Asker: 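Questions regarding the structure given below will be posed in turn.
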Amino acid sequence: MLESGRAEQIISRVRAVPAGFVSTYGDLCPGAPRAAGRALAECEDPSLPWQRIVRADGSLAKGSRQRRLLIAEGVPFRGRRVEMDVARVPAEALDQLASDLEHADPARGTR
DNA sequence: CGGGTGACGAATA
DNA sequence: ATATTCGCCACCC
């Protein structure tokens, strides 16, 4: 069950982005950022934090709706764009976090 | 095979 | 700073 399909891989990375941070289409799928956008557009899973995926320059694909959700999570903005220098999670970090999710132990680390 | 499309990215004007 | 153009690649017919 690793479902390591192209889309599945992208989706798993989206889930790896922590609240209050963002990542880019290019980081989700280097070399084919549009495939990432495609995956998000097709995926209807409401538990998917799609709003945390923004363009490389910090602009939003989904406009005000997306902006509102991100601000609610505490993502720093500069005008209409996300402050990428502060909130961006690089591709490598995403893989790291994705691995961490598999180890998700809510009871371990609580002391 | 090709041709068109897109929740993109980078370069250019 | 914004608008346009081009390049890229995955997916569909």
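Throughout, a chain's letter reflects where its sequence line sits, starting with A, and its residues are numbered from 1. Please read these numbers as outputs of a predicted model, since none were measured by experiment. Side chains are part of it too, since the values below use all heavy atoms of this structure and drop only hydrogens, waters and symmetry mates.
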Asker: Scan A:Ala41 against the nucleic acid and name what it touches under 4.0 Å (heavy atoms): base, sugar-phosphate only, or nothing.
Answerer: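 Base, at least one base heavy atom under 4.0 Å.
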Asker: Without swapping roles, check the side chain of A:Arg52 against the backbone of A:Val17 for a donor-acceptor pair under 3.5 Å.
Answerer: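 Pair found, side chain donor or acceptor close to backbone of A:Val17.
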Asker: Please walk me through it: do A:Val75 and A:Val54 pass side chain to side chain contact (heavy atoms under 4.5 Å, CB included)?
Answerer: CA-CA 12 Å; A:Val75 174; A:Val54 304; over 6 Å; no
Asker: Tell me the interatomic distance from A:Leu70, atom CG, to B:dA7, atom P, rounded to whole angstroms.
Answerer: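 Taking CG of A:Leu70 and P of B:dA7, I get 18 Å after rounding.
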Asker: Between B:dA11 atom P and A:Arg55 atom CZ, what is the distance in whole Å?
Answerer: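 For the pair A:Arg55 CZ and B:dA11 P, the rounded distance is 17 Å.
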Asker: Using modelled atom types only, decide if a donor and an acceptor are shared between the side chain of A:Gln66 and the backbone of A:Gln51 within a distance under 3.5 Å.
Answerer: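 Answer holds: yes.
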Asker: Just by modelled atom types, is the A:Arg81 backbone N or O under 3.5 Å from a matching donor or acceptor in the A:Ser59 side chain?
Answerer: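 No: the side chain of A:Ser59 does not pair with the backbone of A:Arg81.
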Asker: I'd like to know if A:Arg88 pairs up with A:Asp27 as an ion pair, taking the criterion as any Lys NZ or Arg NE/NH1/NH2 lying under 4.0 Å from an Asp or Glu carboxylate oxygen.
Answerer: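 A salt bridge links A:Arg88 with A:Asp27.
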Asker: Search all heavy atoms of A:Val86 against all heavy atoms of A:Phe21 and return the closest pair with its distance.
Answerer: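 Where A:Val86 meets A:Phe21 most closely, the heavy atoms are O-CE2, 3.9 Å.
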Asker: To the nearest angstrom, how far is A:Glu44 atom CD from B:dA7 atom C1'?
Answerer: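 Value for this atom pair: 14 Å.
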Asker: Expressed as a whole number of angstroms, how long is the span from A:Ile53:CD1 to B:dA7:C1'?
Answerer: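 A:Ile53 atom CD1 is separated from B:dA7 atom C1' by 10 Å.
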Asker: Which pair of heavy atoms, one from A:Ala35 and one from A:Cys29, lies closest together, and at what distance?
Answerer: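 Between these two residues, the closest heavy atoms are CB-SG, 4.3 Å.
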Asker: If you check the A:Arg81 side chain, which of B:dG9, C:dA1, B:dA7 turns out closest?
Answerer: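 Shortest atom-to-atom distance from the side chain points to C:dA1.
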Asker: How close or far is atom C1' of C:dT2 from atom CG of A:Asp57, stated in whole angstroms?
Answerer: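 Those two atoms, CG and C1', are 11 Å apart.
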Asker: Whenever both distances are under 3.5 Å in a Watson-Crick or G-U wobble pair, mark it; put DNA chain C into dot-bracket that way, with [ ] for crossing pairs and | when the partner is on another strand.
Answerer: .||||||.|||||
Asker: When the P atoms of C:dC8 and B:dT12 are considered, how many whole Å apart are they?
Answerer: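 Roughly 14 Å separates the two P atoms.
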Asker: Could you see if A:Val14 belongs to whatever hydrophobic cluster contains A:Leu101? Use Ile, Leu, Val, Met, Phe, Trp, Tyr and a side-chain cutoff under 4.5 Å.
Answerer: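 Different hydrophobic clusters.
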Asker: So which atom in A:Leu28 and which in A:Ala36 form the shortest heavy-atom distance, rounded to 0.1 Å?
Answerer: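 Between these two residues, the closest heavy atoms are CB-CB, 4.1 Å.
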Asker: Which letter, B, S or -, goes with each nucleotide of nucleotides 5-13 of chain C from 5' to 3', with contact meaning a protein heavy atom under 4.0 Å?
Answerer: ----SSS--
Asker: Rounded off to whole Å, could you give me the OH-to-C1' distance for the A:Tyr25 and B:dG9 pair?
Answerer: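 Result: 12 Å.
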Asker: Measure from CZ on A:Arg52 to C1' on B:dA7 and round the result to the nearest Å.
Answerer: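 So the CZ-C1' distance, A:Arg52 to B:dA7, works out to 17 Å.
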Asker: Between B:dA7 atom C1' and A:Ile11 atom CD1, what is the distance in whole Å?
Answerer: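 Computing the A:Ile11:CD1 to B:dA7:C1' distance gives 12 Å.
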